[in-house]
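Report on the structure given below.
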Protein chains: 2
Amino acid sequence: MPYTNEMLEECGFTSAQKILSGKWSMLIILFLSEKTMRFNEIQRLFPDITHATLTKQLRILEEYGIIERTVYSQIPPKVEYALSDIGMQLKPILDAVMLWGEEYKKHQPRSASASTR
Amino acid sequence: MPYTNEMLEECGFTSAQKILSGKWSMLIILFLSEKTMRFNEIQRLFPDITHATLTKQLRILEEYGIIERTVYSQIPPKVEYALSDIGMQLKPILDAVMLWGEEYKKHQPRSASASTR
DNA sequence: CCGCATCCTCCGAGATACTG
DNA sequence: CAGTATCTCGGAGGATGCGG
């Protein structure tokens, strides 16, 4: 039996796809699962993501309810990012993804870096 | 310590991100993990993916070594798609993702369908 | 039945510069 | 220190039509 777009919208799988398909989503979630971090901490962790892009990614994940944002109204400002409960439940999955990725690289030493598209 | 783009390229996690972030990748892999399928079977399963798009997705996954393509030279043509060994190892992960998605929808009844972006 | 080539649309990701 | 506002650009995803 076929799966139309409507049916896929209902399915939890589709939510997961949207949330995880962001270029940095999985990495951010994985590191936040270790500890709560400030904006600049995250940025120092990934020097190659601009702060504008990082802000967007964090906003999206926040809207999805994956991370929680705490603002301390002070000078200088301080904002902390932490995983929500449901976000935390992604950790074992992302760990498994990472392990799979390592395994994959052993078998396919050159494939996924040279994106053929 | 920071993770530069170069370091991330080395990391297996990045391969996984590229492979899994395709809009249909996870769904296709999940269904192929159940059984080998012909092109038209897959397309009937997802009526809302055009055959051009499906072809591209399958090619990409094939280049990544996730799926294997068997062509039967006959009239009419027959092509079968199956998961490779390394592709099969994704199944438990995708099952977990699906379960997480269901759990997520319970907690966030409206979030990820109304993509706020 | 299956795949390829072409063209188009749209959005993610980044670059840059400015605010409190 | 953190966030916002624009702009650009490339590529994913899709529509259509031809070819074997």
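None of the values given here were measured: they were computed from a predicted structure. Numbered from 1 within each chain, the chains take letters A, B, ... in sequence-line order.
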*Rounded to the Å, how far apart are B:Met26 CE and D:dA12 P?*
17 Å
*Between atom CD1 in B:Ile60 and atom P in C:dC4, what is the gap in whole Å?*
12 Å
*Donor-acceptor side-chain pairing of B:Tyr72 and B:Glu80 below 3.5 angstrom*: yes
*Examine C:dC1: is either OP1 or OP2 under 4.0 Å from a nitrogen or oxygen in the side chain of B:Arg38? Give yes or no.*
no
*Would you please name every residue forming a ring-ring contact (aromatic ring centres under 6.0 Å, His included) with A:Phe46, sequence neighbours left out?*
A:Trp24, A:Phe31
*For DNA chain D, whose closest nucleotide is more 5', that of A:Asn5 or that of A:Arg44?*
A:Arg44
*asked:* What is the separation between atom CD on B:Gln17 and atom P on D:dA12, rounded to the nearest whole Å?
replied: 12 Å
_Position toward the 5' end of DNA chain C (nearest nucleotide), A:Pro77 or A:Thr53_ = A:Thr53
*For A:Leu27 and C:dG12, what is the distance between atoms CG and C1' respectively, to the nearest whole Å?*
16 Å
_B:Glu41 vs A:Thr50, nearer the 5' end of DNA chain C by closest nucleotide_ = B:Glu41
*Taking every non-hydrogen atom, the tightest pair across B:Gln17 and A:Ser21*: NE2-O, 3.4 Å
_How many whole angstroms separate atom NZ of A:Lys23 from atom P of D:dA12?_
12 Å
*asked:* So, does B:Arg69 get its side chain near the phosphate of C:dC2, meaning an N or O under 4.0 Å from OP1 or OP2?
replied: no
*Could a donor-acceptor pair under 3.5 angstrom be found where the side chain of B:His51 meets the base of D:dG13?*
no
*What is the distance from CG of A:Asp48 to P of C:dG14, rounded to the nearest Å?*
9 Å
*Ignoring backbone atoms, establish whether B:Lys56 has a side-chain N or O less than 4.0 Å from OP1 or OP2 of D:dG11.*
no
*Under 4.0 Å: is that the gap between some side-chain N or O of A:Tyr81 and OP1 or OP2 of D:dG3?*
yes
*Side-chain contact, heavy-atom cut-off 4.5 Å: A:Leu54 with A:Ile42?*
yes
*What is the distance from CD of A:Glu62 to C1' of D:dG3, rounded to the nearest Å?*
12 Å
*asked:* Using whole Å, what does the distance between atom C1' of nucleotide D:dA12 and atom CG of B:Leu61 come to?
replied: 13 Å
